[in-house]
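Below: one structure, written as structure tokens.
Both counts, for ligands and for their atoms, begin at 1 and track the order of listing.
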Amino acid sequence: MMKKNRILLILLLITSSLFADEIPQERGQNGEDIFKNNCISCHMMKMGWKLTEKEKSTLLAPTAFGITKHVRDIFSNEKQFVEFVSDYITKPAKIKSRCKDNVVKKFGLMPPIGLGMSDENKKAVAAWMFNNIGVNN
Ligand code: HEC
């Protein structure tokens, strides 16, 4: 990536995280925006094999592709997927986690991000993940 692009990206990340705390969760936000505001800071939108060594060493959680694909492998029905994800992000627990043991050991459990989200937004973000992340690869 060119240096200028990287600076722009960093600025974008900083401003979006500033606003993420200030804008109250609104009704009817779309799933993609919710993911960008609440999830992408930990679940990078990059295929695992495309991560640089530096990214790998600073990773806070499995990538968006990783979690979506493996949860979708288990819950291939959208409704079940949405139910599992909405619940998991609100009350994460080791026994519920479908990640391999070593993943939970490495990163720790996910914080209960969903506690601050409306049911509508939890479902919207989960449905967006189901239908968009890693569907073509
Ligand atoms: C502060 C970092 C962080 C944020 C923010 C975060 N997650 Fe996670 N998430 C994790 C970690 C770490 C794991 C792996 C350990 C685990 O399963 O709890 C994980 C795992 C998951 C899993 C897999 C659960 C399983 O059983 O395999 C899903 C699905 C998930 N996250 C969805 C989300 C969604 C949706 C958001 C945004 C609303 C989000 N995460 C925000 C850290 C985060």
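Formation of a donor-acceptor pair under 3.5 Å by the His43 side chain with backbone atoms of Cys39 is not found in this model. Side chain of Asn131 to main chain of Ala127: a donor-acceptor pair is present (N/O by atom type, distance under 3.5 Å, no hydrogens or angles).
At the top of the distance list for atom 25 (C) of ligand 1, counting protein heavy atoms only, stands Arg98 N, 3.3 Å. For atom 29 (C) of ligand 1, the closest heavy atom belonging to the protein is Val85 CG2, 3.9 Å.
The residue from Phe75, Phe81, Phe35 that alone fulfils the ring-ring contact (aromatic ring centres under 6.0 Å, His included) condition with Phe130 is Phe81.
In the vicinity of Leu109, heavy-atom distances shorter than 4.0 Å reach the ligand 1 atoms 18 (O). Near Ser97, meaning under 4.0 Å from one of its heavy atoms, ligand 1 places the atoms 16 (C), 17 (O), 25 (C), 26 (O). Numbered from 1 in the order shown, with element, the atoms of ligand 1 that lie under 4.0 Å from a heavy atom of Phe107 read 12 (C). Interface of Leu60 with ligand 1, defined as ligand atoms under 4.0 Å from a residue heavy atom, comprises 12 (C). Those atoms of ligand 1 with a heavy atom of Met129 less than 4.0 angstrom away are 35 (C). The contact set between ligand 1 and Pro111, taken as ligand atoms under 4.0 Å from a residue heavy atom, comprises 1 (C). Counting atoms of ligand 1 from 1 in the listed order, those under 4.0 Å from a heavy atom of Gly108 are 12 (C), 15 (C).
Atom CE of Met45 and atom OG1 of Thr63 lie 9.5 Å apart (nearest 0.5 Å). Here CD1 of Ile34 is found 11.5 Å from NZ of Lys122. Values are rounded to the nearest 0.5 Å.
Here 2 is the count of protein N, O or S atoms positioned under 2.8 Å from atom 8 (Fe) of ligand 1, waters not counted.
Atom NZ of Lys94 has 12 or fewer heavy atoms from other residues, nucleotides or ligands within 6.0 Å. Atom NZ of Lys46 sits in a crowded spot, with more than 12 heavy atoms from other residues, nucleotides or ligands closer than 6.0 Å.
Evaluation of the side chain to side chain contact (heavy atoms under 4.5 Å, CB included) rule for Pro111 yields Ile113 as partners, not counting sequence neighbours.
Checked by distance only, ligand 1 and Asn38 stay at 3.5 Å or farther apart across all their nitrogen or oxygen atoms.
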*Would you please test Met117 and Val125 for side chain to side chain contact (heavy atoms under 4.5 Å, CB included) and show each step?*
CA-CA 10 Å; Met117 296 169 66; Val125 72; 4.1 Å; yes

*For Met129 and Arg72, what are the C-alpha separation, side-chain angles and deciding distance, and is it a side chain to side chain contact (heavy atoms under 4.5 Å, CB included)?*
CA-CA 9 Å; Met129 290 166 74; Arg72 195 170 46 215; over 6 Å; no

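At a 4.0 Å heavy-atom cut-off, ligand 1 touches His70 through the side chain alone. Within the 4.0 Å heavy-atom criterion, neither part of Ala126 lies near ligand 1.
Considering all non-hydrogen atoms of both residues, Tyr88 and Ser97 come closest at OH-CB, 3.4 Å. The minimum heavy-atom distance linking Val82 with Ala126 is given by the pair CA-CB, 3.9 Å.
Heavy-atom distances between Phe84 and ligand 1 reach below 4.0 Å in at least one pair.
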